[in-house]
Amino acid sequence: MKPIYKRVLIKISGEGLMGDEGFGISAEAVKKVAEQIKEVVDAGIEVCLVVGGGNIFRGVQGASKGLSRTVGDHVGMMATVMNALYLQNVMEGLGLSVRVMSGLEIPQVCENYIYRRALRHLQKGRVVIFAGGTGSPYFTTDTGAVLRASEMGCEVLLKSTQVDGVYDDDPRKNPKAKKYKQVSYDEVIEKQLRVMDLPAIAMARDNKLPILVFSQHEKGALMKVLAGKGNFTIIKES
Ligand code: UDP
């Protein structure tokens, strides 16, 4: 299968690194993700990754238990750095060249995010994992993913989810839910289709960044989607 993109950003949620364990990092799940990314790199595509932190902590969780939202979000952003460092090391074990760049400055463990340096890494064939989200509280890593994909000039953002695309209702609860082959940013916003948070979708719309939504559970789905095949929904301008 021949990929149709040259530079992409893949958003991996914290859940994607958690496996069946319900919390934290599953060595097995990380290995699977790393192997899939390797296939993409081996196919000659320049790869940016954004990792979430929901497998460890989300700011809103803390806020619901009385923690300051800002502090909770700081903890959440640190969780994304933990995931990124783990994934980096596993990917390196597969022979990939990988840099973690964080929106929060933690120079002892990874590079700070610097626009020109990130571009240089990509041009040299290194995978860049963008950690720390946007570096600011009150955002999510989905918004961080749209931001970095826009900055890096990625052609598409690939978002893996529990199901194989965007539906008009939750297909796990409603068997009659209809899947979209293509849907506009405005429709996602108006119908509150909940595939990504609103700031992320609005920013993708403003920057004309297509989002490909596919299943994290389907074997080989990522490479198929990159070849324009398989099961996915594309979010773009109508
Ligand atoms: N976060 C933040 N700013 C950002 C990105 C993330 O404050 O720009 C915090 C926020 O608390 C969020 C947590 O980091 O809940 C983990 O990110 P996210 O919930 O997006 O992870 P995912 O759902 O993708 O696993």
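All ligand and atom numbering here is 1-based and tracks the order in the structure. All figures in this text were calculated on a predicted structure; none of them were measured in a lab.
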If you count the atoms of ligand 1 from 1 in the order shown, which ones are under 4.0 Å from a heavy atom of T134?
4 (C), 8 (O)

Report the nearest protein non-hydrogen atom to atom 14 (O) of ligand 1: residue, atom name, distance rounded to 0.1 Å.
G76 C, 3.1 Å

Qualifying residues under ring pair (Phe, Tyr, Trp, His ring centres under 6.0 Å), relative to Y113, sequence neighbours excluded:
F130

When you look for heavy atoms under 4.0 Å from ligand 1, do you find them on the side chain of A79, its backbone, both, or neither?
neither

Do K159 and D142 meet the salt-bridge criterion of a basic N to acidic O distance under 4.0 Å?
yes

If you count the atoms of ligand 1 from 1 in the order shown, which ones are under 4.0 Å from a heavy atom of G52?
21 (O), 22 (P), 24 (O), 25 (O)

Quick one: which of T143, D73, D142 has a heavy atom closest to atom 9 (C) of ligand 1?
D73

Looking at E28, I want to see if its CD is surrounded by more than 12 non-hydrogen atoms of other residues, nucleotides or ligands under 6.0 Å.
no

Quick one: look up the protein heavy atom nearest atom 5 (C) of ligand 1 and list residue, atom name and how far away it is.
T140 C, 3.3 Å

List the closest protein heavy-atom neighbour of atom 2 (C) of ligand 1: residue, atom name, distance to the nearest 0.1 Å.
F139 O, 3.1 Å

Are T141 and K11 linked by a side-chain donor-acceptor pair shorter than 3.5 Å?
yes

Provide the number and element of each atom of ligand 1 under 4.0 Å from a heavy atom of G133.
4 (C), 5 (C), 8 (O)

Closest protein heavy atom (residue, atom, distance) for atom 19 (O) of ligand 1
R58 NE, 3.1 Å

So the atoms of ligand 1 within less than 4.0 Å of a heavy atom of G54 turn out to be 21 (O), 22 (P), 25 (O)

If we only count N/O pairs under 3.5 Å, is G59 in contact with ligand 1?
yes

Under 3.5 Å, is there a donor on one side chain and an acceptor on the other for N231 and S215?
no

Y167: which other cluster members, linking ILVMFWY side chains closer than 4.5 Å, directly or transitively?
V163

Within the 4.0 Å heavy-atom cut-off, what K11 brings close to ligand 1 is side chain

Which heavy atom of the protein is the closest neighbour of atom 21 (O) of ligand 1, given with residue, atom name and distance?
G53 N, 3.0 Å

Going by the atom numbers of ligand 1, which of them fall below 4.0 Å from some non-hydrogen atom of F57?
13 (C), 16 (C)

Looking only at heavy atoms, which two atoms of P137 and T70 are closest? And how far apart?
CG-CG2, 3.8 Å

Please list, in number order, the atoms of ligand 1 under 4.0 Å from a heavy atom of P137.
7 (O)

Consider every N or O of T141 and every N or O of ligand 1, then say whether any pair is closer than 3.5 Å.
yes

Would you mind running through ligand 1 and noting each atom that sits below 4.0 Å from a heavy atom of S136?
2 (C), 3 (N), 4 (C), 7 (O), 8 (O)

What do you reckon, is CE of M223 surrounded by more than 12 foreign heavy atoms closer than 6.0 Å?
yes

I'd like to know if V146 and V188 are part of one continuous hydrophobic network [Ile/Leu/Val/Met/Phe/Trp/Tyr, side-chain heavy atoms within less than 4.5 Å].
yes

Could you check whether E15 and Q162, counting side-chain N and O atoms only, form a donor-acceptor pair closer than 3.5 Å?
yes

More than 12 heavy atoms from other groups under 6.0 Å of NZ on K179
yes

